[in-house]
Amino acid sequence: MSDLLIDTETILEITHTFWGAFLPDSGDLHPGSALPSTEDLRGCVRISGSWEGVVELSCSLAVASHVASRMFALPEEQLSDADIHDAVGELSNIVGGNIKSLLPPPTSLSIPFVETPDTRSASEEDWRFSSALDSEVLLAWHDEPLIVRVWRSQGSSADSAAPTAGSDGDLEAELSS
Amino acid sequence: MRALVVDDSRAMRSLLRQILVKLGVTDVIEAEDGVVAVKLVEGGPTPDLALVDWHMPVMNGLDLVVELRKRKEWRHMAIMMVTTESEHENMVRALLAGANEYLIKPFTADAVVEKLSLLGLHLEPAQVGETDGGAS
């Protein structure tokens with residue numbers, strides 16, 4: 001069995017780094033453990049390889065809209081649902097990618113997928129049934145929740161060196177030829 | 001100067017465009033994956049700069065870099081990876097494939113400026129009232 005590889009302090013640092021870099025004038029993120037959970041949107045990325053699991057970033061619509069407004073340089077009232085989902089997906093991609101960088105190689109990162117309470121399907125929920133919550137960080141921005149969770153697939157081990165999938169493997173052969 | 005931004009996230013493409021425009025680069029074209037990027041480059045003036053994400057559907061950023069470096073007429077294009085991919089081995093792969101610089105997400109606008117200066121592109125925020133979109 002592997003030790004906890006991604007502690008909450010690390011997740012905090014990654015999330016604060018993103019927030020400070022992309023939303024420098026938005027005010028800080030604070031511990032949000034006392035907030036009611038309004039996880040309107042959930043952006044997820046899968047990590048595969050020597051470590052298997054999902055990094056999930058959940059937030060309220062207010063947080064998501066603010067992030068999207070800044071990234072698209074649009075007033076919130078002009079944002080579409082697709083804009084907001086895209087921003088949440090990219091946010092989860094960045095947090096997940098930075099977490100992935102801390103894991104023992106080789107690992108690969110999926111394209112992010114974004115869920116809402118209405119769009120969560122049974123198949124999307126499947127990965128939770130076969131996962132254990134490794135770490136959870138509860139943050140708040142103006143009393144609105146921003147939560148990062150790391151789910152480890154059951155049976156995942158940091159010691160195994162599973163081959164990664166994807167087209168990148170073809171490049172190695174090409175470069176060496 | 002003409003810049004190409006390749007990322008499957010519209011939000012990220014928008015953010016990068018904003019940074020480039022503030023630096024005076026107003027000719028910015030966008031693509032959501034490597035295939036679209038190649039078609040854009042084939043169909044117009046060759047960009048001077050390409051900002052390329054790694055993880056994209058259809059054709060990822062690494063394969064795009066390989067493709068862009070195949071053509072002699074495109075070899076003057078500066079290519080900077082803009083990605084969360086920070087494994088040393090993968091960074092080396094990108095540079096061996098032909099990327100000139102590497103920027104890890106998240107990044108600040110200052111980090112973009114610094115990286116672009118390493119590429120010989122010394123850009124400064126455009127002053128209010130200026131209309132020249134060229135590099136300084």
Side-chain angles (χ1 to χ4, degrees), chain A residues 14-24 43 45 47 49 55 64 67-74 79-80 82-112 114 164 166-172 174-176, chain B residues 5 7-22 28 30 32-35 53-67 69-70 81-99 102-112:
Chain A
I14 290 170
T15 311
H16 279 292
T17 299
F18 164 86
W19 198 265
F22 287 171
L23 302 128
V45 287
I47 298 176
V55 176
V67 172
S69 172
R70 287 303 184 96
M71 294 187 80
F72 284 105
L74 287 174
L79 295 169
S80 67
D83 293 336
I84 295 171
H85 290 197
D86 186 289
V88 170
E90 181 61 13
L91 206 164
S92 64
N93 176 56
I94 291 171
V95 174
N98 278 269
I99 286 174
K100 169 189 170 299
S101 71
L102 302 171
L103 297 167
T107 52
S108 62
L109 195 71
S110 76
I111 304 293
V114 178
T164 54
S167 63
D168 290 0
D170 297 335
L171 178 61
E172 296 224 15
E174 185 170 349
L175 289 177
S176 62
Chain B
V5 176
D7 197 302
D8 58 328
S9 165
R10 289 184 299 110
M12 182 52 62
R13 296 200 306 267
S14 169
L15 195 67
L16 286 167
R17 173 187 283 272
Q18 291 170 54
I19 293 173
L20 289 171
V21 167
K22 283 182 184 173
V28 180
E30 298 180 22
E32 65 263 33
D33 61 59
V35 169
D53 184 24
W54 189 303
H55 299 286
M56 296 182 289
V58 187
M59 179 193 282
N60 66 39
L62 188 61
D63 291 344
L64 172 61
V65 172
V66 172
E67 199 60 36
R69 288 309 187 212
K70 281 181 181 175
M81 303 299 293
V82 182
T83 174
T84 59
E85 186 57 65
S86 61
E87 283 185 27
H88 178 74
E89 180 183 322
N90 286 334
M91 292 171 74
V92 170
R93 292 169 77 197
L95 296 172
L96 285 175
Y102 209 97
L103 180 65
I104 302 290
K105 297 176 182 177
F107 50 83
T108 62
D110 287 344
V112 175

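Letters A, B, ... are given to chains in the order of the sequence lines, protein chains preceding strands, and every chain is numbered from 1. Model, not experiment: these values are computed from the prediction.
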Tell me, side chain or backbone of A/Ala68 under 4.5 Å from chain B's heavy atoms, or both, or neither? neither

Close side-chain approach of B/Arg13 to A/Phe72, heavy-atom, < 4.5 Å: no

Pick one of side chain, backbone, both or neither for B/Asp110, based on which atoms fall under 4.5 Å of a heavy atom in chain A. neither

Taking every non-hydrogen atom, the tightest pair across A/Ser101 and B/Ser86: CB-OG, 2.8 Å

What is the distance from atom CG of B/Asp8 to atom CG of A/Asn93, rounded to the nearest 0.5 Å? 7.0 Å

Under a 3.5 Å threshold, yes or no: a donor from one side chain and an acceptor from the other, between A/Asp86 and B/Ser9? yes

If one checks every heavy atom of B/Met56 against chain A at 4.5 Å, the contacting part turns out to be backbone

Any idea which of A/Gly20, A/Ala87, A/Ala73 has the most non-hydrogen atom pairs under 4.5 angstrom with chain B? A/Ala73

Shortest non-hydrogen contact from B/Phe107 to A/Phe22? O-CE2, 3.1 Å

Ignoring hydrogens and angles, tell me if any N or O in the side chain of A/Asn98 forms a donor-acceptor pair with the backbone of B/Lys105 under 3.5 Å. yes

Given a strict heavy-atom distance threshold of 4.5 Å, which part of A/Ile94 is in contact with chain B: side chain, backbone, both, or neither? both

When rounded to the nearest 0.5 angstrom, what distance separates OG1 in A/Thr17 from CD1 in B/Ile104? 12.5 Å

Can you tell if the side chain of A/Arg70 reaches within under 4.5 Å of the side chain of B/Leu15, non-hydrogen atoms only? no

Measuring only between side-chain heavy atoms, which start at C-beta, is B/Arg10 closer than 4.5 Å to A/Glu90? no

Answer with yes or no whether the side chains of A/Thr107 and B/Glu87 bring together a donor and an acceptor at under 3.5 Å. yes

